[in-house]
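Just below is one structure, and these are the notes that go with it.
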Amino acid sequence: MNAVNHEPYDREPDWVTTRFGVQVAPDGTGYAGHHLRDLVVLGLRHNKRRAHLLVSTVLGKHIPTPPHIVRGAADDLGAAIIEQIGADAARNSIVFGFAETATGLGHCVAQRISASRYLHSTRRQLPGVVVSGTFEEGHSHATTHLLQPSDPGFLDAAAPDETLILVDDEISTGTTALGAIETIVAARPRTRFVVASLVDMRSPDQRAECEKAAADLGVEVSYVALTHGSVTLPPTLLDDVWGLTSGTLNPVAGKRAHVTTLDLDWPAGTPDGGRHGFERSDAGPFREATEAAASTIAKHLDSQRPVVVVGHEELMYAPLCIGEGLEQRGFVTGYQTTTRSPAQVHDVPGYPLRRGFRFLAPESDPETPRYIYNVSSDALPDPQVVVVVDTPADTPELRAPGGLLDVLTAAGHPVTLAILPATDQAQLRASRQAVKTVTSTPPLRGPDFGSYAPDEVTWLLKDLSDIALEGDLHERERRIQSGKAHYAESLPIEYQPGREYQDLFQATLESSAQRLAEAVGVVSELILAERSSSPTLVSLARAGTPVGILIRRWMQAVHGIEPQHYTISIVRDRGIDTVALDHIVKRHPAESVVFVDGWTGKGAIQRELTAALADYARLPGRPALHDELAVLADPGSCTTLFGTRDDFLIASACLNSTVSGLVSRTVLNADHIGPGDFHGAKFYRQLAEFDVSGRLLDAVSAEFPAVTDRVAATLAALSPEERTPTWSGWRSVEQIQLDYGLSSINLVKPGVGETTRVLLRRVPWRVLVRADNLPEHRHIRLLAAERGVPVEVSPGLAYSCVGLIKEDA
C-alpha cells in the first residue's frame, strides 16, 4: 500500500483550513510510508457536539475509493499490529470493530492477521434480536453502540493472555475505545487490549488520561496507528459551522436512470459480516459467497463504465469484497457506504464532500434521514452504482420517492440493487455448530499460507508450519521401507538444487511454456465439454495445485468462467481427506467436482482416488463423486481427461515447494491431525527468495493466446479410441519391478515427472532412460550427478525415463 500515490480527490489546500483556521499537523513518520495528509482531509459535520470531520481517503466511507486501496491500508494496519504483538498473539486474538465507520476496516484487519474471531458493534435495533451489551460514543451523531453476537460468550477470553483488538478509523480522544473496554471487562474479564486505528489524533494530555483510565480498570492497553497527529480548533468553530449553509443536496440530471434488482444467492448459515460474529472458519464460505455475488452482478453491468459499489451503513465488508471482485474482473471500481451522519456539502476545491444525497432511512426510523456523499469523482466520472443491502434494509422506504434508489437514479446513476439475506443469529449458531462437527481447522489461503494469490486456490489443509517434521533422508527412507513409518507421517528435508540446475529450470520453462499452455487448454476444454460447464476444481496436493490454477486461468481467460479451486490431500494406502471432501460437497454440487493432478505415472494415484471415492460414497449422506483425474500429461494411459499422452517434462516437476506455492507435500500423522482436521502441510516462508511458483504460472498463462488454434486442432483430431485408457503404464512398471527384483511396485517411479521427484525427495538407486542425450533428460542427469545416482540406458522403456528406489537404501 502506498498512500502517498493515492489521490482520490482534488488536493488543493484544505478549504476548511483556509476558511475556518482548523489545523491538522502530523506527529512523526507514519507506518509503512503513510503520511497524515494522504490518509485524511478536513470536512465539516452538521453536529452541535463536534464541527470538524476527518474524512478518510482510504476507508471507503465518504469518498468512493478503489477497493484495493481500502484493503491495502487495512492490511498495513494489520501488519503494524503483528509487528507490535507478534504473529502468534495476533492469530489467537479477537478483533472488535466500531460501527458504523470501522466495521469493514475491522473485518479487513481480522482477515489480515488471521484472528480467531471478529465482531463489530451495531446501531440496528430489530425485534427479537438479542443484545448482550451497550456502550456510548459521546461525539457521534448516533451515540449508542449495541453488541449482538449470536453466541453470548463470543467475546469471552479463550486464554488468560488472549488479546482483544479494537479497531476504529480514528482515535480522537480514546474515550470510545475505553468505554467499550469497560463494558467488555465488566461482563467478560480479560486484561490485554490493543486499540488500532488509521490515525491517532490524541493530544499528550489525552494519552495520559487513557493510560490512567486503563490502570483504573486494571487492564493493559496498547495503541497502534498508521499515522499520528493533532488537530487545532478555533474557539468559535462550532458556532461558525453551525451557522454555515450547506451546499445543494440531491443533484438532478436531465434523465432519470433505471434500477435493476438482484436477489443474491447467499449460502444459509454464512454470516454477511461481523454484526453477529465472524469466526475464522467462516472466511472460506464468505469469500465464496462474495465471489459468486460479484460474478452475478458483473453480468448486469456496463463494462465500459465506472462502477461504485455502495454498502448500507454498517454493511461494509461484504460490499467491499464484491467491489474487489468487480475490480479483479476489470471494472474501474470505487467503493463507499451510506451513513447516518449529516455533513456539510460544498462544491469547492480542497474540500472532500463535493456532492451529497439525503434520503429516507430504509429501516427502523424512517423519519431520520440518511446520507451518502460524492458517489462520483474525477477518477470515477458518471458511474453506474451497485447498492448492496441486506433484507432488513429492503423496505418500501428504500424504493419510495425520496429514498436511496430515487435520489441516485434522479442524478442519472443507473443502479443495480443487490440484496443479500441478513444473518439470522439462531441460524448462524446452528450452522456454525454443524461446521465444527465436520472440521476443526479452517481453510487456508495466501498470503497467510502459500505464495499463490488468495483467489487462485483454497488449501483445505491444516497448517503444520511450526512443527518439526523433517528428518535425515536416509533414516526416513529406512523407516519407510521397513514398515516402521508411513511416508506421509513425516517430510523429507527440502532439497534445493544448485545454481546450474536452477538456471536449467528457467531455460526449460521458457522452452516448454507453449507446450504446457497447449496441454492446459486441451484438458480444460475437455473438462468443460464432458464434465461440467461450471466445474469445481479439486487439485491433489501438491503437484496438482499449479495445474489446477492454470486450468482455472484458462477457463477465465477463454470463457470468462471463474471456477472455485481447492487443493486437498490424498495419501497412497491411506486414502483421500474425507473432511476436505465434506467441506466441498457441502458448498458445491457433487456433479461439478473435477479432480486435478499434474500427470500420471503408473496410475497409482488414479487407483487410490477410485477406491477412496468408492469408500466415501458408502458413508452416510455422502454423494458419489466422479473419480476420473484430469491431468496435463497421461503417459500411463489412465484417464480420458488429459492434455497429452506424451511423457514430456512439466516444469512444475523440476523443483519441490519453490515451484508449488512454497507448500510441502501433505502429512497424515495422528500426533498432529485429529478426527476433525484436514490433512496437514507446511508453508516454507523461509524459502521465499527462491520461489518461482508465480513465474511458472505467468510464463504458461502468457502463451494462452498463441496456442488457442492449436488447442482446437488437437481436440478435433482426438478420437474416442485414442482417449480410451489402456493402463499400459502399469503393465510396463510391473515388468520393470520383475526385471530388477524389486519387492514393491511403489519402488518404481515412471515418467519424467516421477523420476524428477524421486531425485528431489527420496533416496534413488538408479535412473533408467530410454535413450541417451534426450533434451528432457538434461535436468535429470544433472540431479543424478549431484546426488551420485547412476543413469542407465534402457531402450525398451515405455516411458522416457524411470527412477528406481532400492530396498534398504
Side-chain angles (χ1 to χ4, degrees), residues 480-481 483 486-489 523 526-527 530-531 537-545 547-548 567-578 580-581 584 590 593-619 622-645 647 650 653 665-666 668 679 723-738 740 742-758 761-762 797-799 802-805:
I480 291 171
Q481 292 192 28
H486 190 273
Y487 78 90
E489 292 174 342
V523 72
L526 290 174
I527 290 171
E530 299 186 6
R531 290 293 308 280
L537 301 176
V538 180
S539 57
L540 303 182
R542 70 185 160 178
T545 307
V547 178
T567 278
I568 70 173
S569 168
I570 188 169
V571 176
R572 195 184 68 242
D573 303 327
R574 301 289 176 88
I576 201 163
D577 187 345
T578 56
L581 288 183
I584 293 166
V593 174
V594 179
F595 292 95
V596 175
D597 207 355
W599 56 86
T600 63
K602 55 184 170 286
I605 292 300
Q606 175 64 79
R607 290 192 174 200
E608 190 75 41
L609 180 65
T610 298
L613 294 183
D615 290 342
Y616 181 73
R618 285 190 284 268
L619 295 174
R622 269 48 168 214
L625 297 167
H626 202 296
D627 67 338
E628 189 171 37
L629 272 174
V631 296
L632 286 194
D634 180 32
S637 189
C638 308
T639 177
T640 66
L641 299 177
F642 57 83
T644 179
R645 283 257 169 84
D647 184 17
I650 296 173
R665 65 175 307 161
T666 58
L668 185 56
H679 293 187
R723 292 180 55 209
T724 301
T726 66
W727 290 87
S728 57
W730 189 275
R731 292 193 300 275
S732 172
V733 169
E734 287 179 324
Q735 186 60 49
I736 293 172
Q737 178 194 356
L738 182 65
Y740 285 87
L742 301 176
S743 63
S744 170
I745 198 170
N746 293 326
L747 299 175
V748 182
K749 304 296 181 180
V752 179
E754 291 302 302
T755 304
T756 304
R757 288 298 173 94
V758 79
R761 63 191 189 200
R762 296 289 295 272
L797 285 180
Y799 294 86
V802 175
L804 302 181
I805 300 172

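Heavy-atom basis, side chains included; hydrogens, waters and symmetry copies ignored. Residues: numbered from 1 along the sequence shown.
Arg723 meets the salt bridge (Lys or Arg N to Asp or Glu O under 4.0 Å) test with Glu530; sequence neighbours excluded. A search for salt bridge (Lys or Arg N to Asp or Glu O under 4.0 Å) contacts involving Arg731 returns nothing, not counting sequence neighbours.
The two atoms that bring Thr755 and Gly803 nearest to each other are OG1-N, 3.2 Å, heavy atoms only. Residues Cys638 and Lys602 approach most closely at SG-O, 4.0 Å, considering heavy atoms. Taking every heavy atom of both residues into account, Val547 and Gly598 meet most closely at CG2-CA, 3.7 Å. Across all non-hydrogen atoms, the minimal contact from Gly751 to Asp647 is CA-OD2, 3.4 Å. Closest non-hydrogen pair, Val802 versus Pro750, comes out as CG2-CA, 4.0 Å. Of all heavy-atom pairs spanning Ala630 and Ile527, the tightest one is CB-CD1, 3.7 Å.
Side-chain atoms of Val593 and Ile584, non-hydrogen and from C-beta on, do get closer than 4.5 Å to each other. Residues Phe595 and Ile576 have side chains in contact (heavy-atom distance under 4.5 Å, counting atoms from C-beta outward). Counting only heavy atoms from C-beta outward, the side chains of Ile570 and Glu608 approach each other to under 4.5 Å. Side-chain contact between Thr600 and Pro635 is present, with heavy atoms from C-beta onward closer than 4.5 Å. Taking the side chain as every heavy atom from C-beta outward, Val631 and Val596 never approach each other to under 4.5 Å.
Leu613 contributes atom CG, which lies 6.5 Å from atom CG of Leu581 (distance to the nearest 0.5 angstrom). Annotation: the span from Thr610 atom OG1 to Leu625 atom CG amounts to 12.0 Å, rounded to 0.5 Å. Leu804 contributes atom CG, which lies 11.0 Å from atom NZ of Lys749 (distance to the nearest 0.5 angstrom). Note that CZ of Phe642 and CD of Glu628 are 9.5 Å apart. Values are rounded to the nearest 0.5 Å. Interatomic distance, CD of Glu754 versus OH of Tyr799, reported as 9.5 Å (0.5 Å rounding). Leu629 contributes atom CG, which lies 5.5 Å from atom CG of Leu540 (distance to the nearest 0.5 angstrom).
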> Could you walk me through whether Val571 and His679 pass the side chain to side chain contact (heavy atoms under 4.5 Å, CB included) check?
Replying inline: CA-CA 9 Å; Val571 176; His679 293 187; 4.0 Å; yes
>> For a side chain to side chain contact (heavy atoms under 4.5 Å, CB included) check, start with the C-alpha distance between Leu641 and Arg531, then their side-chain angles and the critical distance, and finish with the verdict.
In response: CA-CA 9 Å; Leu641 299 177; Arg531 290 293 308 280; 3.8 Å; yes
> When you look at Glu489 and Arg574, which way does the side chain to side chain contact (heavy atoms under 4.5 Å, CB included) test go after all the steps?
Replying inline: CA-CA 11 Å; Glu489 292 174 342; Arg574 301 289 176 88; 3.9 Å; yes
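Screening residues 631-644 for salt bridge (charged side-chain N to carboxylate O under 4.0 Å, His left out), with sequence neighbours left out, gives Asp634-Arg645.
There is no side-chain donor-acceptor pair under 3.5 Å between Ser728 and Ser637.
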